[in-house]
Amino acid sequence: MADRYLHLTGTAPGRFLTRRLGLPQPAPLRRWTLETPHLDGPLLHLTAGVPTVTEVAETLSRAGLPVVSRSDRPAAIVLDATGVATAAGLGDVHAALHPVVRSLAPGGRIVVLGTVPSPDDHHQAAAQQALEGFVRSLGKEIGRGSTAQLVRIPGGASAHAAESTLRFLLSPRSAYVSGQVIELTSATPDQAADQAATPAPDPAAPLTGRTALVTGAARGIGAAVASVLARDGAQVIALDVPGAREELERTADRLGATALPLDITARDAADRIAAAAPDGLGILVHNAGITRDRRLANMPADRWASVIEVNLDSVLRTTDELLKAGAIPRGGRIVATASIAGIAGNTGQTNYAAGKAGIIGLVRSLGPRAAADHGVTVNAVAPGFIETKMTAAVPLFIREAGRRMNSLSQGGLPVDVAEAVAWFAQPGSTAVNGQVLRVCGQSLLGA
Ligand code: NAD
């Protein structure tokens, strides 16, 4: 569905008129393309306090941009604030960023590196938590299509574990992600051994040799996920309901994927998925989802039950069965799909929001255990307003509000969610576990 307002503000008369009326000014976002895989300009590396993680400079040098300590027009700024442990130390954050924030190129990136707030040192915890409020505010004020995030690296660890995360955040792939906090985990000893034994993946096709199954892949976000995973080298199995067989086969043919017409709520769904990936399922993406909106007072039990069954129960059941059967080998990745409705709630969506909040509960609880018991990570994307058939069905006024009520003043595209899924799926993303990443342009809802 075309965003006509974004189009209008891209013309000189439209920009003049909307400025005069004080209306939002969305900047066109630059997404990843083969021709423009990187941001256009250098990465400015700054420090506040004495860093508590090692190898930051080495890790940044592999993020795809020239790293500099001074620039008139940086495309990205990374501030290492891992050493900020007191309220006074926050002054160093201001001192580092205040003089340069205005010079950030349009569509630029600011990433603040922090560490995990300590349960034993309330001064360090206050200072590190302060970085969250700082970054979320910065995301709201920098404008011009730029974004700001906080990445927490466990104290004393190497920044190497953050490499895949920094490559994602410091690239056009994260165009619609802003105001997020990503907390990296320390690898378990088994995971560290697995990683040491795994050869470095080809950066152009990091998912080569992996089989990925995407549910709800006939159209919308699922089709984009299947496409991006295939682009990154995965052999994709695209699953959707038998009723969508034709659309599914068209999508699968386009991507060189295998079509699996199957209702994910079928009792034998996990068996059939495992049978479709006899050499193991490296990546499992739970994307299928439905809405059956009504206010609770008007909602019959079948509308409640069908949403919970598709959006949550089938995800829990197939995940459990596939893990138990050993169908997801070590190094595997499970990515589920939540929604900002599951964080903020939404009128008429008690069923949908309950199901999506349930996904968040699943990810947070299972992530650490799946890593320890199976060497598998479990994460979720929480999309905001994404331009798909699902949101095209939303009434005009609510749709327009959904598009504009975020720091980037526009809706996202399915590919924005797909890029986030592909980052979770990377072999280098072992330290990313139990996370829920909002892909919402820093929506005001639930923020
Ligand atoms: P969509 O309706 O365009 O596509 C969903 C796909 O899931 C369809 O192809 C459908 O046939 C399939 N599906 C539904 N029930 C199924 C079942 N039982 N078994 C197998 N496949 C099934 O929706 P979308 O906008 O692409 O959304 C994809 C996911 O993202 C959903 O989980 C949705 O809740 C979530 N999400 C979307 C938005 C948005 O703005 N579009 C926002 C937040 C979350």
Side-chain angles (χ1 to χ4, degrees), residues 1 3 176 213-228 237-252 259-270 272-273 276 284-293 305-315 317-318 335-346 349 351-360 362-363 380-394 398-399 401-403 405-406 410-418 420-421 436-441 443 445-446:
M1 156 130 309
D3 181 346
Y176 199 59
L213 180 126
V214 183
T215 71
R219 67 178 202 208
I221 295 172
V225 171
S227 169
V228 169
I237 303 170
L239 177 154
D240 212 298
V241 285
R245 181 189 284 263
E246 268 184 34
E247 205 175 4
L248 177 68
E249 285 177 352
R250 268 200 307 277
T251 304
L260 180 59
L262 171 66
D263 189 324
I264 195 66
T265 64
R267 295 295 129 170
D268 63 349
R272 294 189 45 199
I273 290 170
L284 169 61
V285 184
H286 294 290
N287 162 81
I290 58 170
T291 51
R292 297 286 182 270
D293 297 357
S306 56
V307 168
I308 297 293
E309 174 63 11
V310 175
N311 295 6
L312 180 60
D313 213 8
S314 71
V315 176
R317 196 168 51 242
T318 48
V335 184
T337 307
S339 164
I340 55 167
I343 297 168
N346 207 6
Q349 291 201 313
N351 51 356
Y352 183 77
K356 294 302 188 182
I359 292 292
I360 296 172
L362 151 70
V363 160
V381 281
F385 185 97
I386 305 295
E387 307 278 359
T388 65
K389 271 195 179 165
M390 194 182 256
T391 46
V394 172
I398 300 176
R399 187 165 71 228
R403 277 189 178 129
M405 280 169 55
N406 59 71
Q410 59 197 288
L413 300 181
V415 70
D416 298 325
V417 182
V421 171
V436 178
L437 184 82
R438 293 170 57 134
V439 183
C440 65
S443 169
L445 301 177

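Each ligand, and each atom within it, is numbered from 1 in the order the structure gives.
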| field | Proximal ligand 1 atoms for I264, defined as those under 4.0 Å from one of its heavy atoms | value | 17 (C), 18 (N), 19 (N), 20 (C)
| message | Tell me whether ligand 1 is touched by A338 - counting only heavy atoms on the residue side and a distance under 4.0 Å. | response | yes
| In the protein, which heavy atom is nearest to atom 27 (O) of ligand 1, and how far is it? | I221 CD1, 3.9 Å
| Are the side chains of S339 and Y352 in touch, meaning some heavy atoms are under 4.5 Å apart? | yes
| Test item: R399 side-chain N/O and A392 main-chain N/O as donor-acceptor pair under 3.5 Å | yes
| task | Return the minimal non-hydrogen interatomic distance between G342 and I360, and the atom names on each side. | result | O-CD1, 4.3 Å
| message | Using only atom types and a distance under 3.5 Å, with no angle test, would you say the side chain of S443 pairs donor to acceptor with the backbone of C440? | response | no
| Considering only protein heavy atoms, which is closest to atom 5 (C) of ligand 1, and at what distance to one decimal place? | G289 O, 3.9 Å
| said: Residue-level breakdown please: for T337 versus ligand 1, do any non-hydrogen atoms fall below 4.0 Å on the side chain, on the backbone, on both, or on neither? | reply: side chain
| note | I290 heavy atoms within 4.0 Å reach ligand 1 at atoms 14 (C), 15 (N)
| Do side-chain atoms of T215 reach the backbone of N287 as a donor and acceptor pair under 3.5 angstrom? | yes
| message | Tell me whether L262 reaches ligand 1 (any heavy atom closer than 4.0 angstrom to a ligand atom). | response | yes
| task | For L239, take its heavy atoms, then give the atoms of ligand 1 lying under 4.0 Å from any of them. | result | 20 (C)
| query | For ligand 1, which atoms sit closer than 4.0 Å to a heavy atom of T391? | reply | 39 (C), 40 (O), 41 (N)
| remark: Honestly, for E247 the part within reach of ligand 1 (heavy atoms, under 4.0 Å) is neither
| query | With a 4.0 Å cut-off, would you call E309 and R292 a salt bridge? | reply | no
| said: Minimum distance, heavy atoms only, to atom 20 (C) of ligand 1: which one of V417, V310, V241 is it? | reply: V241
| Numbered atoms of ligand 1 (with element) below 4.0 Å of S339, judged on heavy atoms | 43 (C), 44 (C)
| query | What residue and atom, counting heavy atoms only, is the protein's closest point to atom 9 (O) of ligand 1, and at what distance? | reply | D240 OD2, 2.6 Å
| request: Answer yes or no: is there a side-chain heavy-atom contact under 4.5 Å between I273 and L239? | output: yes
| Where is the nearest protein heavy atom to atom 22 (C) of ligand 1: which residue, which atom, and how far? | A288 CB, 3.5 Å
| remark: A student checking ligand 1 against G220 at a 4.0 Å heavy-atom cut-off should list atoms 26 (O)
| Student check: side-chain heavy atoms of I221 and T388 closer than 4.5 Å | yes
| Hey, does the side chain of K356 reach the backbone of T337 with a donor-acceptor pair shorter than 3.5 angstrom? | yes
| query | Does ligand 1 have an atom under 4.0 Å from some heavy atom of T215? | reply | no
| query | Do any N or O atoms from the side chain of N406 and from the backbone of Q410 form a donor-acceptor pair under 3.5 angstrom? | reply | yes
| task | For atom 7 (O) of ligand 1, find the nearest protein heavy atom and state the residue, atom name and distance (0.1 Å precision). | result | G216 CA, 3.4 Å
| note | Judged by heavy atoms only, the candidate from K389, M390, R219 nearest atom 2 (O) of ligand 1 is R219
| query | Of all the heavy atoms in H286, does at least one lie under 4.0 Å from an atom in ligand 1? | reply | no
| said: Within the 4.5 Å heavy-atom criterion, are I237 and V214 side-chain neighbours or not? | reply: no
| query | Any non-hydrogen atom of G384 lying under 4.0 Å from ligand 1? | reply | yes
| query | P383 and A338: which non-hydrogen atoms are nearest, and at how many Å? | reply | CD-O, 3.2 Å
| request: Would you check if the side chain of T251 reaches a backbone N or O of E247 as a donor-acceptor pair within less than 3.5 Å? | output: yes
| task | Under 4.0 Å, heavy atoms only, figure out whether ligand 1 is touched by the backbone of N287, its side chain, both or neither. | result | both
| field | K356-ligand 1 polar pair, N/O distance under 3.5 Å | value | yes
| request: Would you mind running through ligand 1 and noting each atom that sits below 4.0 Å from a heavy atom of Y352? | output: 33 (C), 34 (O), 35 (C), 36 (N), 43 (C), 44 (C)
| task | Using atom types as modelled and distance alone, determine if a side-chain donor or acceptor of D240 lies under 3.5 Å from a backbone N or O of A217. | result | yes
| Should D263 be counted as touching ligand 1, given the test is an N or O pair under 3.5 Å? | yes
| query | If every non-hydrogen atom of E249 is compared with every non-hydrogen atom of A259, which pair is closest and at what distance? | reply | CG-CB, 4.0 Å
| For ligand 1, is there an atom lying under 4.0 Å from some heavy atom of L248? | no
| field | Donor-acceptor pair, side chain of N311 and main chain of I290, under 3.5 angstrom | value | yes
| query | Using a heavy-atom cut-off of under 4.0 Å, does the side chain or the backbone of T388 touch ligand 1, or both, or neither? | reply | side chain
| task | Identify, by atom number and element, the atoms of ligand 1 in contact range of I386, meaning under 4.0 Å from any of its heavy atoms. | result | 39 (C), 40 (O), 41 (N)
